[in-house]
Each structure stands twice: as structure tokens, then as C-alpha cells.
2 protein chains.
Amino acid sequence: MSDVARLAGVSIKTVSRVVNDEPGVHTDTAERVLAAIERLGFRRNIGALNLRRGSSTGTIGLVLEDVANPFYSGLTRAAEEVARRHGRQVLTGSSDEDAGRERELSLEFCARRVDGLVVVPAGRRHGYLAPEIASGTPVVFVDRPPGEVEADTVLVDNVAGAAEAVEHLARHGHRRIAFLGDAPGIFTAAERLRGFREGCARAGVEFDERLVARGPEEEAAASLARVLAADPPATALVTGNNRITVRVLRALAGLPRRPALVGFDDFELADLLDPPVSVVALDPGELGRAAAELLFARLGGDSSPPRRIVLPVRLVPRGSGEVGP
Amino acid sequence: MSDVARLAGVSIKTVSRVVNDEPGVHTDTAERVLAAIERLGFRRNIGALNLRRGSSTGTIGLVLEDVANPFYSGLTRAAEEVARRHGRQVLTGSSDEDAGRERELSLEFCARRVDGLVVVPAGRRHGYLAPEIASGTPVVFVDRPPGEVEADTVLVDNVAGAAEAVEHLARHGHRRIAFLGDAPGIFTAAERLRGFREGCARAGVEFDERLVARGPEEEAAASLARVLAADPPATALVTGNNRITVRVLRALAGLPRRPALVGFDDFELADLLDPPVSVVALDPGELGRAAAELLFARLGGDSSPPRRIVLPVRLVPRGSGEVGP
DNA sequence: GATGACGATGACAACGTTGTCCAGTGATCG
DNA sequence: CGATCACTGGACAACGTTGTCATCGTCATC
């Protein structure tokens with residue numbers, strides 16, 4: 001900036017005025033300054049600006065599990081869109097379901113003085129964010145609730161969704177329904193299993209522990225084999241998330257007779273498979289949007305008590321859940 | 001920081017020393033300072049740090065077309081991973097194939113003094129980045145080459161891929177092969193069409209302009225109808241990218257007799273469709289990794305002339321391209 | 001001709017940090 | 001006992017901006 005000032009033969013402050021479109025600069029002077037800016041390729045240092053102004057850095061942080069997962073990339077895109085409407089940039093990071101990494105990313109973003117933080121929790125302890133929240137940085141948790149702190153949270157109705165999946169299968173005559181879910185430490189996995197149980201109870205289907213698998217997606221194929229070999233075997237499946245659904249579909253591809261299936265999370269091409277895969281659909285974009293909107297409402301001054309938004313899910317019957325036992 | 005100093009009863013500089021693990025602070029003093037930091041929830045302002053140190057902001061910018069597209073989210077993840085290894089955070093933004101937005105994002109990131117920029121070009125003119133490049137900010141273009149500036153570029157072998165797709169279809173007896181591609185202004189679309197032509201020539205298949213569609217993905221279904229209604233009709237298709245492939249698959253789902261198909265870009269579940277979809281596969285992660293590695297090589301001091309890396313593509317025959325006319 | 005109003009410009013401090021340099025305080029040594 | 005030294009701590013400037021206030025012409029007015 002001082003280079004520009006020197007080249008234009010004015011003071012540094014006048015350059016600042018031109019850059020900020022402030023009034024009170026003679027047209028000729030402004031012209032000279034603009035020419036100098038152009039010639040030197042000057043770009044105002046936003047970091048310094050933020051330091052000086054002290055208010056907003058114009059960024060928000062987004063910590064999720066894995067951007068490459070279409071669920072989270074949809075969420076990311078929606079959040080990005082909202083941020084754009086509010087003139088903010090987005091810092092993203094993937095935690096890979098690692099609590100330490102989640103913490104590291106979140107604190108790093110805070111040290112960069114993001115205006116707010118959207119977090120898909122990997123861990124269950126978020127006390128480390130308490131100082132940030134106390135000092136006024138809004139934090140919104142998505143998809144899973146935080147532990148140790150009270151904060152805005154956007155969830156989906158996992159219980160209702162899983163229950164509905166069971167009831168749907170039961171309506172088509174299934175009595176041996178298996179649940180292939182994620183590791184039990186993950187909130188959504190636990191909730192969906194709870195919903196599965198509830199659905200069994202409501203549909204009058206026996207809940208058989210031998211037909212339940214709780215483990216990382218890598219074990220999905222093995223778990224599938226197990227529940228299909230149970231006695232009596234499972235005739236229908238509820239899969240706990242999009243990754244597991246895909247694994248199961250791949251494992252099922254070779255089998256002559258396939259169990260009925262309802263997957264949690266919708267995914268592209270589900271409707272084009274044979275048979276088309278019925279799912280409990282939830283819109284990742286809706287989650288991202290809701291979380292970001294909530295964040296910006298806080299940034300806009302909303303200081304009501306922390307809210308918990310639970311978005312509905314929707315059973316999309318496509319065929320795979322409609323086959324009888 | 002001054003609050004911490006006051007609470008600990010030391011000077012602000014001593015706090016700085018503690019924060020930076022500098023030697024020359026008495027253990028008791030350090031302890032007091034750490035306690036104060038803990039109590040106040042102090043977090044060092046990285047913005048101010050960057051300003052002071054003047055060197056690196058520890059961030060890189062990533063401008064792409066749409067994070068929600070699995071191709072780009074895979075690319076993003078890989079770039080993020082490389083950035084992480086180099087201790088950098090990532091600012092992302094989606095341009096939506098809009099040159100103005102691409103420019104806006106890139107310049108915004110530069111104003112934030114990112115250490116480097118990875119850009120998937122939406123437009124064809126990148127002169128606006130010349131000052132940044134000249135002033136030492138490395139920029140790497142991915143998937144499409146830049147216009148107006150010389151810079152590192154990572155591409156895939158679009159021509160070879162499309163040509164191979166044609167030859168594959170020709171080997172299975174097809175003589176009426178259609179190309180459903182993206183808008184001709186997009187580099188990859190143009191290149192793939194060029195490859196398609198070359199493939200036709202090499203395979204001795206007549207290149208028929210009536211079997212070529214160049215348009216946004218929204219027109220894919222209409223274009224498909226057109227080439228299937230041509231006289232004589234297309235018996236095989238090459239689709240220009242993953243979005244178009246999906247649209248075409250959906251449009252084909254209703255039809256009794258399907259043309260053979262080879263899609264550009266691999267996509268999840270392609271192998272589980274009926275018939276499994278043959279594709280020209282390219283690894284988006286590989287693109288992102290290569291681009292990021294190149295960027296960090298530049299940041300590491302590599303000042304050789306701009307490089308152009310062309311990653312190979314791989315035909316993955318799965319069935320949809322092997323059916324005869 | 002003095003006064004005031006106004007438009008254009010600049011000097012200076014401050015944002016939160018850290019690098020540089022200097023000052024005190026004991027301890028050690030000759 | 002004085003000089004030196006190691007160690008600890010602080011004052012100050014600077015990074016690139018902008019907000020505040022002061023300065024300096026110029027011109028119209030009385």
C-alpha cells in the first residue's frame with residue numbers, strides 16, 4: 001500500500017480512501033491512485049483489515065467427517081451457499097471420524113478467528129469449545145449432538161426413520177429383520193438402532209440381537225453374511241447409512257436370492273438399481289442449510305437459548321423393501 | 001494476550017514467549033501464564049501472527065466447480081489431505097461454472113493471502129491472476145488449462161480416453177456411435193469430442209455430426225432422444241461426463257432396447273447397475289493430489305518452468321459397452 | 001482584508017503479535 | 001569486593017490497515 005502511495009505521489013491514507021471508496025478524494029488523485037494500484041497489482045490485505053477492524057474475519061469454519069462422502073459434500077455445498085449469501089468464505093476440514101482431529105481443526109479455525117463454526121461431531125466431548133462459545137463465537141452442531149456443551153444442534157429424526165423402515169418391511173410380511181449399523185459410539189448409529197427397536201416393537205416383530213450388527217463399514221459384508229446365516233435367517237435388512245448400504249449392495253450382487261432392503265440415507269442411482277433401493281431419505285443440503293442459517297441468525301444477534309432442530313426424514317419406497325419374505 | 005499478562009502478572013512479551021515455547025522463562029512464571037491462558041480461554045490470534053511474521057498464512061485456496069459433484073469432492077478431499085500433511089488449512093469455494101464467480105473467489109482468496117491457489121477454471125481468461133502469480137503466489141490449474149497466463153496445470157488425457165471409448169465400442173461391432181457431451185466452451189468437453197473424432201477415424205467409424213450433442217447436462221435426455229431417432233439410429237453412446245452419464249442412464253431406464261454405453265468419469269455403483277456401466281475412469285483424488293503436490297513443490301521453492309501434467313485414464317469395461325449393435 | 005466554510009490531504013495511533021534489544025538480578029569467579 | 005556472566009523479564013517497533021483528527025489551500029462572504 002505504501003508502494004502504491006509512493007508511486008501515486010500521495011499518502012498511504014489517501015490510497016486507503018480510494019480503496020474503500022471513501023468520499024473526499026479529488027477525481028484526478030483517485031485516478032492516479034487507481035492507476036498505481038493497477039500497475040502494481042495491489043490487493044488489500046484482508047488479514048490486516050480484520051486486525052484493524054477487529055470485528056469479523058468474513059469466514060466460517062466447517063468441520064465434517066469426510067468431504068468425499070456425498071452426504072457431507074451435499075451438506076458442504078448448501079452451507080457454502082448460505083455463507084456466500086452472507087458474504088462469508090468457508091474453511092473446511094475433514095475429521096475422518098477422529099475426535100482429536102475434530103478438535104484440532106475446530107481450534108485451528110477458532111484461532112483464525114472464524115466468525116462461526118459448523119461442526120459434525122466426531123467425538124463426544126466438546127468442552128474444549130466452551131471458551132469459544134462463551135466468548136461469543138457461535139457454534140452449530142450438525143447431524144450429531146455435542147457433549148459437555150450446550151449449543152445449537154441440527155439433527156434428523158433418526159429414530160422415526162429407522163422405525164418407519166422396520167414397519168415398512170413388516171408390512172410386506174417380514175418377521176426376520178436385520179439391522180446393519182455403524183459403530184455404536186456414533187450417535188446416529190445408536191439412535192437408528194433405537195428406532196429399529198422401537199419399530200420392531202410397534203410392528204410386533206421380535207427384536208433378535210443375533211440379527212443386529214454394530215461395526216465400522218468395513219465389517220458390513222461379514223455382518224451381512226452372519227445375519228443371512230442365522231437360524232432362522234434374516235429375510236430383510238435395514239442398513240444404517242449410505243456407506244453400509246453400498247457395501248451391502250455390493251455383497252448382495254452375487255447372491256441368487258436377495259433379502260428385502262431399506263437403506264438409511266438416499267444416494268444417487270438408488271432408483272436405477274435392480275431392484276431400485278428403498279431408502280429413508282434425508283436431505284443433506286437441508287441439514288447444511290439449516291445449520292448455516294442458524295449460525296448466521298446467531299451472528300445476526302439472535303441470543304435466544306440454544307435450539308435443537310430435528311429435521312424429518314422420509315421413507316422412499318422404490319421396490320427393494322417391497323419384496324416379500 | 002494483555003489480559004493474560006495482567007492476570008499472570010507478567011509482561012505481554014513473556015506471554016508470547018510461553019505461547020511460542022521460547023526458552024528463557026522461569027518454570028514458575030510459565031506455569032502462572034499457562035494457568036491464566038487456561039482460565040481466560042486465550043487463543044493466539046493467527047491473523048495477527050501472520051501479519052507480524054509476514055510470511056505464510058498457512059492456508060491454500062481451492063476453487064472448483066461444485067463440491068457437491070462427487071468428482072470434485074473427491075478432488076477436494078485429496079487436496080485437503082496433502083494440505084494437511086503440509087500443515088495448511090483449505091479455503092474452498094464453488095464457482096458453478098461461472099467465470100465471474102471463479103474470479104471473485106480466486107481474488108478473494110488472494111486478498112486473504114493464501115499461500116497458494118488450486119483452481120478448476122470455469123472461464124477461459126485468467127489474466128486477472130497474473131499479478132498474483134508474478135508476486136509469487138503459486139497457482140495450479142486442474143482439470144482444465146488456464147487462459148492468458150502460464151502456470152502449472154494438471155489435466156487428464158481426455159483425448160485418449162474418448163478415443164479408447166470409441167474403439168472399444170467399435171470392437172464390439174458398433175458403427176453408429178453417438179457422443180453426448182457438455183457445452184463446447186468447456187475444455188474437457190471439447191477435448192473429449194476431439195478424442196471421439198480421433199477414435200472414429202482410428203476405428204474406421206464414420207463421424208456423423210447428427211450423432212453429436214454439445215450442450216449442458218439438462219439437455220442430455222433430449223439429445224439422447226435425438227440420436228436414437230436419427231436415421232440410421234445410434235446403437236452406442238459415449239457420454240461426456242458423470243452428470244451426463246447419470247442423466248442418460250435415467251432416460252434409458254424406461255427403454256426396452258438399450259444402446260451400448262461408455263461413460264466418461266467413473267462413478268459409484270456403476271458396477272451394480274444392470275448392465276454394469278463401462279467407463280473411462282480417472283481418479284479425481286489423483287488429480288487433486290497431483291495438483292496439491294505441485295503447489296507445495298512450488299511453495300517449497302521449485303521454480304522450474306510451469307509444468308503440465310497429463311494423467312492417464314483407464315477404460316473399465318463392465319458390460320454396457322460390450323453389447324453388440 | 002479578515003473570517004469562515006469546505007474540500008482535499010496527511011500524520012498518527014491502534015488492532016494483536018513477535019523480533020530485537022536492553023535492564024535487572026543473582027551467582028560465579030578472579 | 002568488583003567484574004563478568006547466565007538468566008529472566010520488559011520496552012519498543014513493526015507487520016498492513018483504517019479511524020480520528022489536524023492541516024492546508026481556496027473561495028465566497030461580510
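Numbers restart at 1 for each chain; the letters A, B, ... are given by sequence-line order, proteins then strands.
- Using a 4.0 Å heavy-atom distance criterion, A:Asn20 is classed as a sugar-phosphate-only contact.
- Here the P atom of nucleotide D:dT17 and the CZ atom of B:Arg112 are 14 Å apart, to the nearest Å.
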Annotated protein contacts, base or backbone, on nucleotides 8-15 of chain D with a non-hydrogen cut-off under 4.0 Å, one of B, S, - each: SBBB-BBB
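- Look at B:Glu108 and B:Arg112 and you find a salt bridge, because one of the NZ, NE, NH1 or NH2 atoms lies within 4.0 Å of a carboxylate O, short of that distance.
- If you measure from atom CE of A:Met1 to atom C1' of C:dG10, you get 13 Å, rounded to the nearest angstrom.
- Taking atom CG of residue B:Leu49 and atom P of nucleotide C:dT17, one finds them 9 Å apart after rounding to whole Å.
- Partner of B:Val120 under the side-chain contact (heavy atoms from CB on, under 4.5 Å) criterion, chosen from B:Leu287, B:Val63, B:Val142: B:Val142.
- The side-chain contact (heavy atoms from CB on, under 4.5 Å) with A:Val15 is formed by just one residue from the set A:Val4, A:Leu7, A:Leu34, A:Asp3; it is A:Val4.
- Counting only N and O atoms by type, the side chains of A:Ser56 and A:Asp115 include a donor and acceptor under 3.5 Å apart.
- A donor-acceptor contact closer than 3.5 angstrom is absent between the side chains of B:Asn158 and B:Thr188.
- Classified by interplanar angle (parallel below 30°, tilted 30° to 60°, perpendicular above 60°), the ring pair B:Phe296/B:His86 is parallel.
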